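Contents: one structure, followed by commentary.
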Number of protein chains: 2
Amino acid sequence: MSRQDILNRLREHDVSPTSQRIEVAEVLLSRPQHLSADQIIDRLNELGSRVSKATVYNTLKLFSKNGLVKECNVDPSRRYYDSTTHAHHHFYNVETGELTDIPEDRVTIMGLPRLPNGTERESVEILIKIKSS
Amino acid sequence: MSRQDILNRLREHDVSPTSQRIEVAEVLLSRPQHLSADQIIDRLNELGSRVSKATVYNTLKLFSKNGLVKECNVDPSRRYYDSTTHAHHHFYNVETGELTDIPEDRVTIMGLPRLPNGTERESVEILIKIKSS
DNA sequence: TATCGCGTTAGAATTAGTCTATACTTCGCA
DNA sequence: TGCGAAGTATAGACTAATTCTAACGCGATA
């Protein structure tokens, strides 16, 4: 994903492109992946860029509020951010912690009950936990 | 759920029934519900029973390892424990944090891809996030 | 009674994430 | 060019859930 693509995606989501936000986006959006705040900070440090912890957290919160990335709560001890935002599902290897995307297009769910009164659906996510056989 | 039922369920899952474990089980298993460690500690205190924080955590870990309860990772800031262990799904109200069970029996999922090589399925969970409309 | 093993405990340690108060940047405008 | 406001970034203090540690209790068994 080129720098120009990054800039476009930030603008599309009403995120003004500061240099720190661009750096975080470059790390997270460069390819489909799931990273925690900590991993992003480490990666930024490796790349020699200096973005503070607070800014990384602020930025991730902003990105997910604006739909640029999705929060992923599989590992109970940390929050992961998913660079793939269109609806999709996950394999989660409980032994390794590895998280893999499942595209949504062919998946159909039938027989769900209706939603509780006065509520509407925000998302439907399937999580398939797997382990080595 | 009677005290005898509690004892049976502990035994069925190879958990030796100490008095602290029985007390935690009485709180958590008394009816279908989702509780955090903290909520369990509060409840125990209300009931006048004195079980240490460390023991509650140890006990919940043991229970879930032995399949007596299920961990529920919806709220990224704390772990919930689900007294319903047979396969089922959840509505999660993102505004209130309320978690509601969806029985599995009528739900069918089609079109899932095959599992990654060398892995087997441990569970399939659907999480439907809802908000007030 | 001595000891062994398991469970429990208080409190310290850890750690992801949040908050606070300060400083920097940008930009409109006189 | 200078100034102020708004928006951002930052270090470091703080919070809260969970884990760890090291000591203690206690029943069973030799």
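First the proteins, then the strands, lettered A, B, ... as listed; each starts at 1. Just so we're clear, the structure is a prediction, and the values are computed from it rather than from any experiment.
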(request) Starting from the 5' end of DNA chain C, give me the residue, B/Lys53 or B/Ser19, whose nearest nucleotide shows up first. (result) B/Ser19
(message) I want to verify a distance call: between D/dT10, C/dG11, D/dA17, whose nearest atom is closest to the B/Ala54 side chain?
(response) C/dG11
(message) I want to confirm an ordering. Mapping B/Asn58 and A/Tyr57 to their closest nucleotides on DNA chain C, which one lands closer to the 5' end?
(response) B/Asn58
(message) Rounding to an integer number of Å, can you tell me how far A/Asn66 CG sits from D/dG7 P?
(response) 14 Å
(request) Using atom CD of A/Glu23 as one end and atom C1' of D/dT10 as the other, report the distance to the nearest whole Å. (result) 14 Å
(message) Tell me whether the side-chain N/O atoms of B/Lys61 come closer than 4.0 Å to OP1 or OP2 in D/dT18.
(response) no
(request) Using a cut-off of strictly less than 4.0 Å, decide whether B/Thr18 has a side-chain nitrogen or oxygen near OP1 or OP2 of C/dT8. (result) yes
(message) How many whole angstroms separate atom CD of B/Glu71 from atom P of D/dA17?
(response) 16 Å
(message) I want to check one thing: is the phosphate of C/dG7, taken as OP1 and OP2, less than 4.0 Å away from some side-chain N or O of B/Ser16?
(response) yes
(request) Could you work out which one of C/dA16, C/dG7, C/dT8 sits closest to the side chain of A/Arg78? (result) C/dA16
(request) Calculate the interatomic distance between A/Ile41 atom CD1 and D/dG12 atom C1'; express it in whole Å. (result) 14 Å
(request) State which of C/dT9, C/dT8, D/dT8 makes the closest approach to the side chain of B/Arg21. (result) C/dT8
(request) Figure out the CG/P separation between A/Leu35 and C/dA16, and round it to whole Å. (result) 15 Å
(request) Taking only Lys NZ, Arg NE, NH1 and NH2, and the carboxylate oxygens of Asp or Glu, determine whether B/Arg79 and B/Glu71 approach each other closer than 4.0 Å. (result) yes
(request) With the side chain of A/Ala37 defined as its heavy atoms from C-beta on, choose the nearest nucleotide among C/dT8, C/dG17, D/dT10. (result) C/dG17
(request) Using a 4.0 Å heavy-atom cut-off across all strands, classify A/Ser36 as base, sugar-phosphate, or nothing. (result) nothing
(message) Between A/Arg9 and A/Glu12, does any NZ, NE, NH1 or NH2 come within less than 4.0 Å of an OD or OE carboxylate oxygen?
(response) no
(request) Provide, to the nearest angstrom, the distance between the CG atom belonging to B/Asp14 and the P atom belonging to C/dG7. (result) 12 Å
(request) Please state whether the phosphate of C/dT8, meaning OP1 or OP2, lies under 4.0 angstrom from any side-chain nitrogen or oxygen of B/Thr55. (result) no
(message) Are B/Leu127 and A/Val107 connected into the same hydrophobic cluster when the rule is that any two of I, L, V, M, F, W, Y join if their side-chain heavy atoms are below 4.5 Å apart?
(response) no
(message) In whole Å, I'd like the distance from the CG atom of A/Asp38 to the P atom of C/dT18.
(response) 13 Å
(message) Consider side-chain contact (heavy atoms from CB on, under 4.5 Å). Of A/His89, A/His88, A/Gln33, which one does A/Asp101 pass it with?
(response) A/His88
(message) Between B/Thr119 (side chain only) and B/Leu115 (backbone N and O only), is there a donor and an acceptor less than 3.5 Å apart?
(response) no
(message) Just the rounded figure in Å: distance from C1' of D/dA16 to CD of B/Gln39.
(response) 14 Å
